[in-house]
Amino acid sequence: MQGRRAGVVSRVMADAIDLAIVLATLVGVYVAVAATRFLLHPRQFTWPEPSSLNLITLGWLLLVAYLAIGWANTGRTFGKTILGLRVVGRDGDRLSLARALGRALVCAALPIGLFWCVVSAKNASIADLLARSCVVYDWEPRLPVVS
Amino acid sequence: MGTPDHPRGHMDQQHAAPTDPSNVVPLRVAGELPLPLEELVEQALRIALGLVTLSADALSEVVAKTLGGQAPAEPGGAGGSAASLPLLAGAAMGLAVGVARWGARATTTVIRTGEIVFSPVTTSVPFRDGMRRLGAKLGALDARWREERPREEDAAQAFVRLLVPQIAEAVLDQVDLNAIVAERVDVDRVVEGVDLDAVVARVDLDAVVARVDLDRILERVDLGAVVDRIPLDDVVARIDVDDIVARVDLERVVDRIDVDAVAAKLDIEAVVRRLDLAAIAREVVDELDLPEIIRESMGSMTGETVGGIRVQSMNADRAISSLVDRLLRRSQADPDAETPD
């Protein structure tokens, strides 16, 4: 199964892990901001109350950066590492930073596009179609030799 | 002693002549009845003549050996001038014996005649009184002699005790006992007659061993030289060590060891004090690659969990994919559909 295109279940689980990590990171940022405010103004300390727009924007930016860095670096994020998946180009090469960033923007903007892989004959999501990429099973720590 | 071939016969021949009854002069000993006067005189003369004869023979033999010649021949041997001297001597002795016998008879006759002639005198009262007084004086002298006899005998014995060793030493100086033993003693026959078993049985070996100073003997033994002469390599080569070890019941040996007592004798604190525990710990930590060990242990723990998740998700992917393919009436197992372009 090494090198074959992954199905929707594996990809959803990997993305769910990645989303959880981003949310945990967002909570960490909130705690860090609160701690900083406490250290600067202990007497006037109150819990920060950011607006929903700011939170969503911050979370969205964190998600795009997290996905783009992971795909451009090793082809996988932490969630895909656990599920043994890797994002590669159609020729099997690692994505460039620009393609990874573009794929991350599409995924973050249209998460539901992931489910296109259910009906896609090549298990390709909307982001895969736009970025000309694919997600394959790859449990080895190196890049797979695409057959 | 004779030769080993006929020792007994030779001795019998030598002893046969003195045991011939016709040649024996009967000797009277104390306690027997006194001899008649005639026989007493004759026997005294015979003894004197016998002594003279033996002395003459010995003297003539010594003189002959001293002069380097042969001893005089026995009577009845080869004739001639060589035998004339002993013949004359024997004739002189025979004549002397006859004269002595005749003289004894004459003396006896004279004494008895005198007794008859002088019987009136000897039976008279004065003579008897005189004889009685003489007997009393002689009895007193005899009593005095009997009284002093032990002292005289002691003096004589002391003199003999001093004289005999000197005489014996002088005689032994002149005699070569070794030559005599070699010539006349049949050592083999003597040894055959000795019951060595009985001799050994009478030997107190414990006493003999007790008198042996083993320490002095051992001090004189050069153990180094003895060991050097032993071919240890050959000895060791002949020892079957495997066989010896197989005979040892190690379990019994171990059971007899009091491990608690051995442990109690150990000064573990002293051993620990001599150890450089810090250096040992540093060396052990240097040898261990702790990060790698932790990494491997964590990897092995999470590996199975992750592997299980991956397999189950992959099976789910295939199930959904096949379901969708059936719903869309799409052919399955398109290799290109699952591999990158």
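This is a predicted model, so every value here is computed, not measured. Note on naming: letters A, B, ... go to the chains in the order of the sequence lines (proteins, then strands), and numbering restarts at 1 for each one.
Ring planes of A/Phe38 and A/Phe45: perpendicular class, angle over 60° (limits at 30 and 60°).
Of the listed residues (A/Val135, A/Asp138, A/Val136), just one forms a side chain to side chain contact (heavy atoms under 4.5 Å, CB included) with A/Val88, and that residue is A/Val136.
Contacts between A/Ser120 and chain B at a heavy-atom distance below 4.5 Å involve the backbone alone (N, CA, C, O).
At least one donor-acceptor pair closer than 3.5 Å links the side chain of A/Arg99 to the backbone N or O of A/Ala131.
The environment of A/Arg37 atom CZ is dense: over 12 non-hydrogen atoms of other residues, nucleotides or ligands sit within 6.0 angstrom.
Residues A/Asp128 and A/Ser125 bring a donor and an acceptor atom of their side chains to less than 3.5 Å of each other.
Inspection of non-hydrogen atoms places no residue of residues 249-258 of chain B under 4.5 Å from chain A.
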Yes or no on salt bridge (charged side-chain N to carboxylate O under 4.0 Å, His left out) for B/Asp234 and B/Arg238, after CA distance, side-chain angles and deciding distance?
-> CA-CA 6 Å; B/Asp234 296 342; B/Arg238 294 171 63 181; over 6 Å; no
